[in-house]
Amino acid sequence: MEYNFREIEAKWQKFWADNQTFKAENTSDKPKFYVLDMFPYPSGAGLHVGHPLGYIASDIYARYKRHKGFNVMHPQGYDSFGLPAEQYAIQTGQHPAITTEANIATYRKQLDKIGFSFDWSREVRTSDPNYYKWTQWIFIQLFESYYCNEANQARAISELIQIFETEGNSKINAACDEDTAVFSAEDWKNYSEEEQQKILLKYRLTFLSETEVNWCPALGTVLANDEIVNGVSERGGHTVVRKKMKQWSMRITAYAQRLLDGLDKIDWPQPLKDAQTYWIGRSEGAMVSFKVADFDAEIEVFTTRPDTIYGVSFMTLAPEHELVSKITTPQQKEAVEAYVKATAKRSELDRMADVKTISGIFTGAYALHPFTGEKVQIWIGDYVLASYGTGAVMAVPCGDERDYAFAKHFNIEIPNIFEGVDISNEACSTKEGIKIANSDFLNGLTYKKAMKRIIYEIEQKGIGYGKINYRLRDAVFSRQRYWGEPFPVYYKNGLPQMISKKYLPIVLPEVEKYLPTEDGKPPLGNATVWAWDTVKNEVVSIDLINGETIFPLELNTMPGWAGSSQYFNRYMDANNNEEMFSKEAINYWQDVDLYIGGSEHATGHLLYSRFWQKFMFDRGFVPTDEYAKKLINQGMITGTSAFVYRVEGENKFVSKGLKSNFKVQPIHSDVSFVNASDELDIEAFKNWREEYKEAEFILEDGKYIVGREVEKMSKSKYNVVNPDEICEEYGADSLRLFEMFLGPLEQSKPWKTSGISGVYSFLKKLWKLYIVNGEFSVSDDAPTKDELKTLHKTIKKVEEDIANFSFNTSVSTFMIAVNELTALKCNKRAILEPLAIIIEPYAPHIAEELWHKLGHTSSVATEDFPIFEAQHLVESSKEYPVSFNGKMRFKLELPLDMSKEDIEKTVLAHQKTQDQLQGRTPKKVIIVPGKIINIVG
RNA sequence: GCAGAAGUGGUGGAAUUGGUAGACACGCUGGACUUAAAAUCCAGUGGACAGUAAUGUCCGUGCGGGUUCAAGUCCCGCCUUCUGUACCA
């Protein structure tokens with residue numbers, strides 16, 4: 001009776017599906033446990049062995065928790081809106097929905113082969129109108145809300161309107177646009193409906209604004225900062241330029257502090273928290289106004305070092321700063337305009353490429369130092385960013401590296417305001433332990449004291465105030481793409497109007513072409529049926545737009561992160577058509593207990609989703625303001641590429657060991673042509689490409705050995721391994737065990753298919769324990785002490801490992817257990833039955849088969865985990881390592897209850913001890929009972 | 001530049017609070033079975049040196065110091081690799 005994994009795995013996969021074994025109920029007497037994976041984007045390439053790593057880990061955890069008596073939800077779905085399907089549509093005309101559907105089918109087939117305990121009845125797809133209806137709904141909620149800084153929470157916009165009506169906006173402390181004017185209740189009432197809407201838009205959590213965006217002409221779309229890598233688009237590597245556009249934005253900055261504070265409450269990896277902290281970039285400082293000499297204007301700056309204000313010797317404005325054109329003197333006008341024009345033209349790529357190049361121009365104007373009254377030059381420089389702070393800096397060359405370099409380059413004075421610090425070669429940006437000098441009332445003060453004092457003085461003088469600034473920017477929410485969620489928005493006189501919830505979803509319209517229109521409108525500009533009829537409440541032809549009852553709909557779509565920002569809550573009640581989720585469902589499931597996914601989402605999805613969760617919490621839709629208690633980042637699985645060496649200029653390949661004798665060029669070979677011993681299947685390689693058909697091979701010891709190198713798994717490197725092939729050849733249980741056995745979950749590690757034979761033969765050995773004379777059979781005899789010891793040692797270790805997410809070591813533990821039981825010739829039910837349960841999370845198919853063969857009729861998945869009993873591990877003696885000066889020399893078996901004194905006597909009397917000491921008297925004998933003996937001397 | 005993670009045999013990796021470095025595998029070597037291969041099973045496998053052998057000695061966790069009876073583990077200073085980020089005032 002052989003271990004026939006093909007038959008076994010197909011059988012139990014069908015059984016689980018037919019019996020809905022892993023369907024989670026929304027009510028249960030058991031405690032809940034929610035295990036979540038980051039849902040995949042279904043790409044055309046399908047899954048490679050790196051993708052399921054996190055799913056296998058989460059599945060082990062989910063299955064383990066079921067054994068421990070939890071009502072476990074482990075859902076899966078697809079993040080199915082996205083650029084690749086759209087790019088494919090542009091090239092081929094194939095509708096993205098069709099490609100996406102086909103890709104999902106492939107993914108599902110691949111996932112099903114691995115035996116995950118997913119509850120597919122809760123599947124979500126972000127591109128499904130029944131799903132994105134709720135994404136649209138959340139958008140409306142954000143539009144209908146503002147952020148109250150007093151209460152520190154989002155509130156209904158209707159509350160804000162009430163305040164406006166009774167007292168205007170002067171007393172309101174709410175997150176809003178910088179340019180919001182102050183008005184009274186009287187003013188408000190006199191404003192037209194349109195004016196009122198414009199003001200409200202400055203407060204809404206999602207709002208329209210003229211934003212400087214990363215425009216990618218080649219893709220015809222706006223990209224988020226995290227979609228740009230090294231100044232070019234992440235996809236395609238196209239040039240990105242800065243451009244002003246009217247865009248929807250999300251007021252995530254209102255949540256900056258709470259997003260920081262919340263990190264303390266959640267058990268997420270420290271590197272990920274650090275990345276978010278840095279991204280949010282909180283800095284404490286002050287706003288200070290500088291008067292412009294001979295002009296009725298002020299330059300407001302943000303600085304983290306107001307204590308160095310006496311070191312200011314010039315000011316720098318961003319080229320885009322609104323004052324530039326006003327204050328520039330006639331003599332400098334031409335030069336300044338040329339400079340501004342030149343920087344605007346420079347793409348982000350250019351700017352990145354020469355960060356070190358210093359450029360700038362003097363405006364001819366001067367500012368007045370607020371304390372000394374001295375005149376300081378006002379410059380323009382592109383090292384100052386328009387989008388951070390106020391777009392202007394007070395330059396303190398002695399205390400800031402960039403200001404220093406700028407001053408040196410343009411020969412501007414560098415006054416020193418630090419006591420006893422030499423600044424002739426570099427600026428001094430150290431804060432601690434340095435006293436301020438040449439600074440009037442700040443003289444002799446250290447950083448902290450000087451900060452307090454100067455902020456006080458600035459506030460007293462009325463020229464500024466202490467302020468906390470964040471690097472985080474409001475998130476642009478519009479994309480000029482087709483394959484994304486349409487906004488539930490139409491425009492009346494250019495002002496956005498929300499479509500009522502009962503008419504959702506607003507379904508993506510059909511278009512002829514997926515490219516932007518000729519006049520530069522987004523792809524939805526190609527749609528002919530894309531206007532909103534406010535009488536019939538339906539989408540109608542654009543020809544009917546009359547500006548009275550029928551209006552144009554929004555042409556942008558939502559970004560990739562929209563659909564993924566609340567999907568974890570939708571899983572709780574995925575088939576609800578009335579609400580995003582019922583109160584009962586959200587109150588039962590609450591939040592995610594374990595979330596597993598890649599760290600590449602640190603400052604994208606994982607930040608935006610936290611933001612939306614906090615918003616949902618504020619508005620009373622969800623019970624917690626952090627949605628995932630624990631998060632684990634699985635590491636990447638890299639590929640082990642194979643190289644053949646072609647002799648330069650010839651169609652001849654030389655084996656790795658001989659390549660130093662030739663001038664060779666390494667070429668990637670497909671890894672499937674290479675065996676465990678790095679030997680190339682020459683015939684397969686020859687048949688791979690026409691050009692290799694006639695190639696010659698120079699062998700070593702009759703073999704062609706390839707070179708190997710670890711690289712990212714990618715098609716172009718021919719090192720991609722498909723999980724289907726592994727399942728076909730070794731089975732899903734082997735794949736699952738091997739992926740875990742590769743190394744620590746969070747670490748990046750290389751895939752080498754040859755290693756899988758280890759876990760495969762382990763499964764065969766496991767199987768054999770249950771077989772006697774070729775037949776399935778177990779004995780009902782009482783287990784021996786040694787057998788029980790092995791079992792309980794294994795239970796203990798595996799439970800500890802799962803708690804630590806150390807899945808690689810539990811696979812070792814299983815191997816040790818099976819090796820020991822094989823050596824003991826153990827065939828007892830009392831051992832083998834619990835063994836099947838503890839191995840089930842890792843290798844569920846073989847466990848299920850063994851379990852049923854043992855005579856059970858229900859799934860092993862819901863059996864209780866065996867209870868660890870410490871008594872089986874109690875030892876009466878210990879084999880002590882005996883060390884001399886810390887070096888282990890021999891071992892000595894001694895009873896565990898032996899006293900320290902007796903141990904010392906016994907050890908010193910031992911012949912081997914005498915041999916080691918060679919007559920010397922030991923200076924000291926250290927005995928740690930149960931651990932070690934160390935003799936010093 | 002900044003932030004983070006990591007450096008252990010030929011390879012992946014193990015060593016939970018400082019206490020026997022190299023578990024468990026892969027690969028390799030030798031053997032059994034076989035016409036042969038695969039599969040399976042058995043033995044060996046960090047390096048150097050000595051010994052016919054059992055065995056013994058020395059060196060070994062990126063490098064240099066330190067703490068300790070004892071360091072892969074703790075402290076100080078470096079080096080290298082990977083990941084993220086990029087003029088944030």
Side-chain angles (χ1 to χ4, degrees), chain A residues 225-226 230-231 269-275 277-279 281-283 285 301-305 308 316 351-352 355-356 358 381-385 387-396 399-403 405-406 469-473 599-600 602-603 633 635-636 638 640 676-678 708 710 738 741-744 746-759 761-762 764-765 768 797 800-801 803-804 806 808-816 819 879-891 915 922-928 930-937:
Chain A
N225 282 332
D226 48 281
N230 294 328
Q270 196 55 44
L272 199 155
K273 288 187 183 183
D274 289 343
T277 304
Y278 182 69
W279 192 261
R282 177 191 156 107
S283 53
V301 299
F302 173 74
T303 173
T304 54
R305 296 295 304 273
T308 63
T316 315
R351 292 183 95 190
M352 305 274 285
V355 161
K356 298 232 157 65
I358 295 159
D382 72 352
Y383 80 96
V384 177
L385 304 177
S387 53
Y388 182 74
T390 62
V393 301
M394 57 172 230
V396 183
D400 182 279
E401 265 177 63
R402 292 152 306 173
D403 296 345
F406 195 87
N469 225 30
Y470 299 91
R471 216 171 73 110
L472 184 73
R473 315 289 161 84
S599 59
E600 66 272 20
T603 54
N633 288 130
M636 198 176 44
T638 46
T640 311
S677 318
D678 295 346
R708 310 222 76 159
V710 172
F738 187 53
F741 190 57
L742 278 178
E746 302 189 60
Q747 201 171 292
S748 132
K749 56 237 157 195
W751 176 274
K752 230 181 147 182
T753 302
S754 56
I756 204 167
S757 63
V759 292
S761 51
F762 156 74
K764 285 191 280 190
K765 276 191 230 169
K768 273 193 198 158
K797 180 77 168 101
E800 282 166 1
D801 286 342
N804 295 324
S806 175
N808 54 326
T809 49
S810 23
V811 178
S812 306
T813 303
F814 289 134
M815 289 175 171
I816 293 167
N819 288 346
E879 195 178 34
Y880 281 93
V882 184
S883 300
F884 291 81
N885 299 317
K887 282 174 195 144
M888 204 280 288
R889 288 296 138 157
F890 64 91
K891 287 173 189 171
D915 293 349
K923 286 191 193 117
K924 207 172 176 184
V925 179
I926 286 143
I927 291 159
V928 184
K931 281 250 163 98
I932 55 115
I933 297 161
N934 190 17
I935 298 165
V936 186

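The sequence lines fix the lettering, A, B, ..., with proteins before strands; numbering per chain opens at 1. This is a predicted model, so every value here is computed, not measured.
One interatomic measurement links the two molecules: CG of A:L472 to C1' of B:U85, which rounds to 15 Å at whole-angstrom precision. Between the P atom of B:A6 and the CD atom of A:E746 lies a distance of 10 Å, rounded to the nearest Å. Rounded to whole Å, atom P of B:A89 lies 11 Å from atom CG of A:D403.
Residue A:K768 has its side chain nearest to B:C41 when only B:C87, B:C41, B:U85 are considered. The A:I816 side chain lies nearest to B:A23 when the options are B:A23, B:C41, B:C69. Closest to the side chain of A:K764, out of B:A89, B:G4, B:A39, is B:A39.
Comparing the C1' positions of B:G30 and B:C69 gives an interatomic distance of 43 Å, to the nearest angstrom. B:U73 and B:U17 have their P atoms separated by 13 Å, with the value rounded to a whole Å. Distance noted for atom P between B:C87 and B:A14: 38 Å (whole Å). A gap of 24 Å separates the C1' atoms of B:C74 and B:A3, to the nearest Å. Rounded to whole Å, the P atom of B:U16 lies 44 Å from the corresponding atom of B:A37.
Ring geometry for A:F890 against A:F884 counts as tilted: the plane angle lies between 30° and 60°, on a 0 to 90° scale.
Side-chain nitrogen and oxygen atoms of A:S283 include at least one within less than 4.0 Å of the OP1 or OP2 phosphate oxygen of B:A89. Contact check, A:Y388 against B:A89: a side-chain N or O comes under 4.0 Å of OP1 or OP2. The phosphate of B:U57 (OP1 or OP2) has a side-chain N or O of A:R889 nearer than 4.0 angstrom. At B:C88, none of the side-chain N or O atoms of A:R473 fall inside 4.0 Å of OP1 or OP2 (strictly under the cut-off).
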What string of B, S and - do you get for nucleotides 13-22 of chain B, 5' to 3', when a contact is any protein heavy atom under 4.0 Å? SS-BB-BB--

Find every protein N or O atom lying less than 3.5 Å from an N or O atom of nucleotides 28-32 of chain B, and list the pairs.
residue: B:C28; atom: OP1; partner: A:S677; partner atom: OG; Å: 2.5

Can you run through RNA chain B from 5' to 3' and write each base as (, ), [, ], | or . depending on how it pairs? Watson-Crick or G-U wobble, both distances under 3.5 Å. (((((((..(((......[....)))((((((.......))))))(((((....)))))..(((((..]....))))))))))))....

